[in-house]
Amino acid sequence: MIDGFFSDGRGSRRMPSTLQLAGGQATVLDAAGRALISAPLADTRISSRLASTPRSFRFAGGEQFVTSDNAAVDALLRQPDSRWGLLQRLESNYLAVIVCVAIVWGAAFLLARYCVPWAADQMARQMSPEMAARMGQGALRLTDGVLFRPSALPRERQLQLRKQLQGVLERYGGPAAKLHFRRFRRGPMPNAFALPDGSIVLTDTLVKLALHENEILAVVCHEIGHVQHRHLLRQSLRASAFGALIFLATGEASAAIVSLPTVLVALSYRREFEREADQFAIKALIDEGVSPLHLASMLRRLGGLAPREAEDAAREGNEVPGKPRTPAASEGRFFRDLDATDYFSTHPDIHERVLWIEAAAAAPAPELQ
Amino acid sequence: MNEHPATGQSASALPADTAASREKPAAAAEGAPESPPRKTHPFEFRGNGLEYFKIWIVNVALSILTLGIYSAWATVRSRRYFYANTWLAGEPFEYLASPLPILKGRAVAVALLALYALSNMYLMGEIVFLIVLPIAAPWLIVKGLAFRHRMSAWRNVQFRFHGTYLKAVAALWPVLLIAALSLGFVALLVKSPPQLALLLLLPYVLLLMFLAAWVGFRFSRFRVNYSAYGTTRFRFGAKLGGYVSIFMATLGVGFFVGMVCGIVVFPLILLGTFNAELLLPVVTSAQIFAMLAFQKQATTNIYFNSAALPGHDFRASLSFWGLAKTWLICLFLAVVTLGLYLPAARVRIARYMADHIAFRARDSLEEFSAAEAQRASALGEQVGQAFDVELSPF
């Protein structure tokens, strides 16, 4: 006998009542012991157990019996409905819950690391170059208002650079490739970046920082690599594909945040792209008859790292005159890393990249294919 | 804060310590002029964060393992949990949907989205976006609300939604105006020098806020006026002015928070301790957070305080500080636990909402009659509910 409330399905009136089961027949009795309804248990819909929420018995005519006594209902039914019963057991078993956490985090990781990049790159491949270019249109104009001022480099210097770089731009960048000079409104910061429409922007500070013209050439080749591999487009496709997939898989937007750890994975996309662009640059530089070491030395200077000779010497234990890395430089690094317009934030893992480029430059060409 | 609206919705359905409340004459507290005293029945949320966490993590894990098929079951279990733990006058709400119609609707929705993605790829995206979406959206909203209402019950009486496609179009057409204005403004911004763009920004934002208030008002009115509990229709008594003042005040909150943060932050920037690029996003986040919290509590209050059944009404008393504090705690714990706190956050927010919303009954709660049974749900409703953005209040 289970205590609960009965309603006839015609209105909001409820009455205290009890439910009894005899011979497969469910009968609801009112307080006075009169039968309110009686029907075969098989014809009633009994809600599955969900934590400790009330259970309902729904009869064919819309009548309903509701009770909070879950234990009594389970005992009455003897064997809980196998399918829903299993869920209830999963939800109350801590080991199962821990396994579920592992599954969710693991799946989020796999999704972010492999599935999303693959799907997004497929999409990028489908997209026509014109469409990709349109995505970048106006980007420079918008950033001009906020981030940049016109370059202060002398006209002759700009012309000279354009002339020097024109060949590389045409040979590797395609018809849309175009060079722009700017300086940051906020102050002197060396940076270079590529927009989806093929525009490549160099800041004045970067141009001045270069000790050799081939260093600028190397940076431009690296940026052409970003354009040719459509990195900006692929990055934005990956980001949106990830959110959409999580939502589709779980039906819950909030689950996207369970995968907060995968934000770290998303950052690794960028590392992959930098590596691709470096690879492109090394190959282009070799084709041009320029040593890829120019890219490495420029990166060292951009990253505030010691020159290669100083590092080699330090590794062997010899102090060399020159510019060893100062403690002050590394102290300043934390805040600089967080600076959105700094070279570090757009080009992470600079030391690792430098070492890789230097190794690749020393290796025979086939490794670069 | 986008993860929270779900809770707002479920909260609206919820309940309280009824035995005590039934004895307390609420009219005294309110000083209501109606002669028959009203009894205040607070909503009460009885769920618990750990309990829901376990349900939720099993939901997500099984959804992943079944490549999304289980998500329909997950949705039902999750909604059932929130409804069944929401109590009013000693009775829980009930979510009645079964998973299969939801799965069917979701499959169609996924197919439509795939179609959209494809069309996007072949340069048709703008056409779909500009033509198909405005035509389809009101239909999806009406069908989604109809499904959600019919699947919601209290005391074995289901809710109903009587809105039609044309009424939804009438309620929502100003949205198109907003969209057109926004596109136009962006185009203008791109073409004009930065100084002029800044000058245009303020009138543009004011206009946008006014239109947003207008849409919020029209849509709330549409939703409440066509909702019914059984055969009893709801009425919405709010005025446009109420919504406009909320949206303008929201803007004011944003300015105020920005100013206060600026006073604190500028010396730090000038001293060179931090740089502006690092701190400005922090200030902006604080502004957006404060504006969202303010607007959420104000619109929830006006929504419930303006909705009524004949002889009954609601009292909502959310506060800015209360909601902001709840959100901040949730945000902090969600970050610290790498997202595992999110389900418990939904519970916490649902409880906050329930604790601050009450139903005031003049007559007996036994006299509502159920609506006529309707034929089984059409595919339209199933598809509509797949796009359901948790906007239903009941």
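All chains are named by letter (A, B, ...) in the order of the sequence lines, taking the proteins before the strands, and each is independently numbered beginning at 1. As the structure is a prediction and not an experimental result, all values here were calculated from the model.
Taking the side-chain hydrogen bond (donor to acceptor under 3.5 Å, both in side chains) definition, one finds that Asp8(A) meets it with nothing, sequence neighbours left out. Residues forming a ring-ring contact (aromatic ring centres under 6.0 Å, His included) with Phe59(A) (at least two apart in sequence, or on another chain): none.
Nearest approach of Arg13(A) to Arg155(B), heavy atoms of both residues: CA-NH1, 4.5 Å. Taking every heavy atom of both residues into account, Ser12(A) and Val157(B) meet most closely at N-CG2, 3.5 Å. The two residues Ile64(B) and Val104(A) have their closest heavy-atom pair at CD1-CA, 4.0 Å.
Glu366(B) has its side chain out of reach of Met15(A): every pair of non-hydrogen atoms, C-beta onward, lies at least 4.5 Å apart. Residues Pro54(A) and Glu94(B) are not in side-chain contact: their nearest non-hydrogen atoms beyond the backbone lie 4.5 Å or more apart. Within the 4.5 Å cutoff, side-chain heavy atoms of Val97(A) are placed close to those of Phe53(B). Using a 4.5 Å heavy-atom threshold, the side chains of Glu91(A) and Ile57(B) count as separate.
A salt bridge between Arg14(A) and Glu91(B) is present, with a side-chain N of the basic residue lying under 4.0 Å from a carboxylate O of the acidic one.
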Under the side chain to side chain contact (heavy atoms under 4.5 Å, CB included) rule, what do Lys54(B) and Cys100(A) come out as? Steps first, then yes or no, please.
CA-CA 9 Å; Lys54(B) 292 187 283 185; Cys100(A) 285; over 6 Å; no
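For Thr66(B), no part lies near chain A; criterion is any non-hydrogen pair under 4.5 Å. For chain A, no part of Gln158(B) is nearby; none of its heavy atoms comes within less than 4.5 Å. In this structure, the portion of Ser56(A) lying under 4.5 Å from any heavy atom of chain B is its side chain and not its backbone.
Checked by atom type and distance alone, the side chain of Ser369(B) never pairs as donor or acceptor with a backbone atom of Gly11(A) at under 3.5 Å. When atom types are taken as modelled, the side chain of Asn156(B) and the backbone of Gly62(A) share a donor-acceptor pair closer than 3.5 angstrom.
If you tally non-hydrogen atom pairs under 4.5 Å between each of Ala84(B), Gly47(B), Ala72(B) and chain A, the highest count goes to Ala84(B).
Thr53(A) and Arg46(B) are not linked by any side-chain donor-acceptor pair at a separation below 3.5 angstrom, with hydrogens and angles left out of the test.
Taken to the nearest 0.5 Å, the CG atom of Leu50(A) stands 10.0 Å off from the OH atom of Tyr52(B).
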